[in-house]
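See structure below.
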Protein chains: 2
Amino acid sequence: MSEPKSRRRRQPQKLSERQKKILQYIERTYTETGYPPTIREIGKAVDIDSTSVVNYNLNKLEESGYIQREKKVSRGLRLLKTLNSEPFTELGVKLADDTINVVNVPMVGKIVASAPVPVPGDDFGMYYDDDDVIHLPVNLLGSRVKDGEVYALRVNGESMIDALVNHNDIVVLQRQETANNGDMVAVWLDENSETTLKYFYREGAKVRLQPANTMMEPIYVDARQVHIQGRVLAVLRQI
Amino acid sequence: MSEPKSRRRRQPQKLSERQKKILQYIERTYTETGYPPTIREIGKAVDIDSTSVVNYNLNKLEESGYIQREKKVSRGLRLLKTLNSEPFTELGVKLADDTINVVNVPMVGKIVASAPVPVPGDDFGMYYDDDDVIHLPVNLLGSRVKDGEVYALRVNGESMIDALVNHNDIVVLQRQETANNGDMVAVWLDENSETTLKYFYREGAKVRLQPANTMMEPIYVDARQVHIQGRVLAVLRQI
DNA sequence: CTTGACATCGAACACAAGTTCGTAATATAA
DNA sequence: TTATATTACGAACTTGTGTTCGATGTCAAG
């Protein structure tokens with residue numbers, strides 16, 4: 001209403017601590033969830049009880065040109081720029097600030113003690129159901145990912161417990177038939193007619209299979225009856 | 001029961017015209033506005049009067065792996081892939097450049113039996129060194145990520161073996177001081193002066209702490225001497 | 001001590017937006 | 001046909017979420 005003096009137009013003014021935290025929170029949740037947070041979500045994150053205070057500060061942020069708001073629209077805000085880095089592309093569209101290389105690992109079945117490991121066939125690169133794909137950052141698998149012959153299995157049963165692997169865990173495997181000492185592998189043992197996960201050590205004509213659980217004793221088997229099904233790259237457990 | 005041979009997984013399914021239009025509309029508005037549309041907005045755009053029909057088709061799209069939805073959240077959906085850009089076509093390991101929503105989880109320290117869990121301070125959402133951050137796809141943590149108060153710890157020592165957690169494993173935690181029955185939590189026990197990972201069950205004035213390893217017996221402790229340090233969301237092991 | 005701009009708070013309010021459910025139309029199979 | 005699953009409809013219903021507003025607190029200028 002009343003403009004006493006020549007008030008500075010929308011100026012980038014210095015942001016308060018609160019506003020900075022809000023901005024960061026928006027940025028983080030946006031990249032994580034794919035959509036902006038609500039006023040109340042922001043409030044909870046930044047420790048503000050009153051929605052109106054959040055609203056107030058959001059308006060400040062808009063005046064300073066950091067965000068843009070859509071009236072009456074739930075989650076109706078977009079990031080225009082972030083704190084230090086200007087580069088939030090034009091219409092708030094771009095996500096991850098750093099491009100993360102993601103590996104798409106198909107879930108091809110279950111691993112049980114009583115059967116050999118299911119291995120994807122030649123149709124590997126072909127189709128697999130999209131809901132059965134795990135997206136994993138490459139760095140989680142290390143650079144040991146070879147030729148795209150990586151797949152995942154859901155563990156069924158409690159039989160892998162000596163590998164510290166639980167029922168329902170996910171084992172990420174690299175398809176291969178040989179192994180180096182120290183590799184963790186999925187092997188099929190003729191003698192016991194079972195699949196098991198063990199650390200692999202070649203010792204002459206024998207193979208020492210060492211459980212991950214150091215409490216447990218290794219087993220020694222004839223190298224000829226050890227059939228390597230794949231090398232274990234990672235184990236995931238969602239609680 | 002009455003499925004003789006159709007072992008086809010749930011839904012390879014081609015999308016209906018409607019679903020394609022919906023998908024395109026989501027993509028368009030998302031890039032335009034920076035946030036996803038509501039059910040009613042979609043309905044109006046695709047000429048569907050009933051919100052439940054839109055809802056129905058959104059669920060179909062989720063089943064087919066095109067989108068991901070967050071229950072009860074306005075605009076709570078994110079695009080996983082679009083119509084023409086079939087991200088997952090090639091080899092199993094294909095660097096996906098499609099946008100996957102990634103949670104940046106800071107590695108804040110080590111978890112050992114002999115000390116309480118390190119918890120990040122109030123500067124949580126702030127900056128952390130890039131090399132100490134794990135990038136995890138949201139869907140790996142489920143949507144149980146609450147407030148972004150998620151952090152990771154590297155396990156030190158073999159003391160968590162009854163939780164089937166090994167030395168050097170990574171435990172992803174959500175900061176919280178309470179738990180529901182069945183949650184896996186990191187707790188500090190006064191009596192033993194140690195941190196341990198267990199499934200949590202409240203039983204009157206006592207708490208039953210159940211090891212993940214079903215071979216092992218639960219322990220019962222007075223509720224007052226149980227201090228929950230966080231809820232375990234996932235365990236990762238790189239071999 | 002007042003004054004007033006600025007930031008904060010809490011609570012009530014109104015509408016936005018997801019969910020549910022009974023029903024009907026349309027397919028597909030037996 | 002008759003049965004069964006899929007898709008569609010619309011109208012409540014519940015909850016999510018932005019908005020408004022009066023009251024309070026702070027702090028520096030008058």
Side-chain angles (χ1 to χ4, degrees), chain A residues 1-8 10-11 13-22 25-26 29-30 33-64 67-78, chain B residues 1-6 8 10-23 25-26 29-30 33-64 67-78 143 146-147:
Chain A
M1 287 297 207
S2 53
E3 292 278 76
K5 302 210 147 122
S6 62
R7 179 130 318 319
R8 269 256 189 317
R10 326 265 95 110
Q11 266 320 122
Q13 301 227 312
K14 238 171 163 320
L15 298 184
S16 73
E17 274 314 305
R18 270 193 163 170
Q19 283 151 15
K20 285 183 193 168
K21 284 177 79 173
I22 289 178
Y25 178 72
I26 294 174
T29 58
Y30 186 66
T33 65
Y35 44 79
T38 68
I39 287 186
R40 283 174 179 80
E41 285 170 352
I42 296 174
K44 200 159 70 169
V46 203
D47 215 50
I48 300 179
D49 289 327
S50 174
T51 55
S52 59
V53 177
V54 178
N55 186 53
Y56 172 83
N57 283 290
L58 284 180
N59 286 332
K60 290 295 173 189
L61 282 172
E62 182 167 32
E63 284 172 19
S64 310
I67 65 175
Q68 199 173 332
R69 300 188 71 190
E70 213 75 54
K71 293 189 110 146
K72 300 263 205 176
V73 171
S74 68
R75 301 171 188 274
L77 61 87
R78 53 179 145 272
Chain B
M1 313 310 196
S2 53
E3 292 283 78
K5 57 191 285 233
S6 88
R8 258 280 180 301
R10 283 182 259 33
Q11 58 324 68
Q13 292 299 319
K14 228 164 139 41
L15 297 185
S16 74
E17 274 315 304
R18 270 193 162 169
Q19 282 152 16
K20 286 184 193 165
K21 284 177 74 176
I22 289 178
L23 206 54
Y25 177 73
I26 293 174
T29 58
Y30 186 67
T33 66
Y35 43 80
T38 68
I39 286 186
R40 285 173 176 80
E41 285 169 355
I42 296 174
K44 200 155 68 167
V46 202
D47 214 49
I48 300 178
D49 289 327
S50 173
T51 56
S52 62
V53 178
V54 177
N55 185 54
Y56 172 82
N57 283 291
L58 285 180
N59 285 333
K60 288 296 173 191
L61 282 172
E62 181 169 33
E63 283 170 20
S64 309
I67 67 174
Q68 201 172 334
R69 300 188 71 189
E70 215 73 57
K71 292 184 104 146
K72 302 263 202 173
V73 171
S74 68
R75 302 173 190 276
L77 62 87
R78 53 180 148 271
S143 36
K146 269 223 196 86
D147 261 307

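The basis for the numbers below is simple: all heavy atoms, side chains too, and nothing from hydrogens, waters or symmetry mates. Convention: sequence-line order gives letters A, B, ...; per-chain numbering from 1. These numbers come from a predicted model, not from an experiment.
- Taking side-chain N and O atoms only, B:Y56 has a distance below 4.0 Å to OP1 or OP2 of D:dT7.
- At whole-Å resolution of the value, CD1 in A:I48 and P in C:dA11 are 16 Å apart.
- Between the side chain of B:R78 and the main chain of A:T33, a donor-acceptor pair closer than 3.5 Å is present.
- Taking 4.0 angstrom as the limit, B:N57 places a side-chain polar atom (N or O) nearer than this to OP1 or OP2 of D:dA8.
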Quiz item: Yes or no on side-chain contact (heavy atoms from CB on, under 4.5 Å) for B:L23 and B:I67, after CA distance, side-chain angles and deciding distance?
Solution: CA-CA 8 Å; B:L23 206 54; B:I67 67 174; 3.8 Å; yes
Quiz item: Can you give one letter per nucleotide of nucleotides 10-18 of chain D, 5' to 3': B if a protein heavy atom sits under 4.0 Å from the base, S if only from the sugar-phosphate, - if neither?
Solution: BB---SSBB
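- At whole-Å resolution of the value, NZ in B:K60 and C1' in D:dT7 are 9 Å apart.
- Rounded to a whole Å, the CG atom of A:N59 is 14 Å from the C1' atom of C:dC6.
- Remark: A:E41 does not engage A:K44 in a salt bridge, criterion side-chain N to carboxylate O under 4.0 Å.
- One can place CG of A:D47 at 11 Å from P of C:dG10, the figure rounded to the nearest angstrom.
- Judged by distance alone, with hydrogens and angles left aside, the side-chain atoms of B:R75 form a donor-acceptor pair with the main-chain N or O of A:S74 at under 3.5 Å.
- Note that the CG atom of A:L77 and the CG atom of A:L58 stand 6.5 Å from one another [nearest 0.5 Å].
- Put simply, NZ on B:K20 is 14 Å from P on D:dT7, counting in whole angstrom units.
- Closest of all the heavy-atom pairs between A:T51 and A:I39 is O-CG2, 3.5 Å.
- For the pair B:I42 CD1 and D:dC9 C1', the computed distance is 17 Å after rounding to whole Å.
- Distances shown here put every side-chain N or O of B:R18 at or beyond 4.0 Å from the OP1 or OP2 atom of D:dT6.
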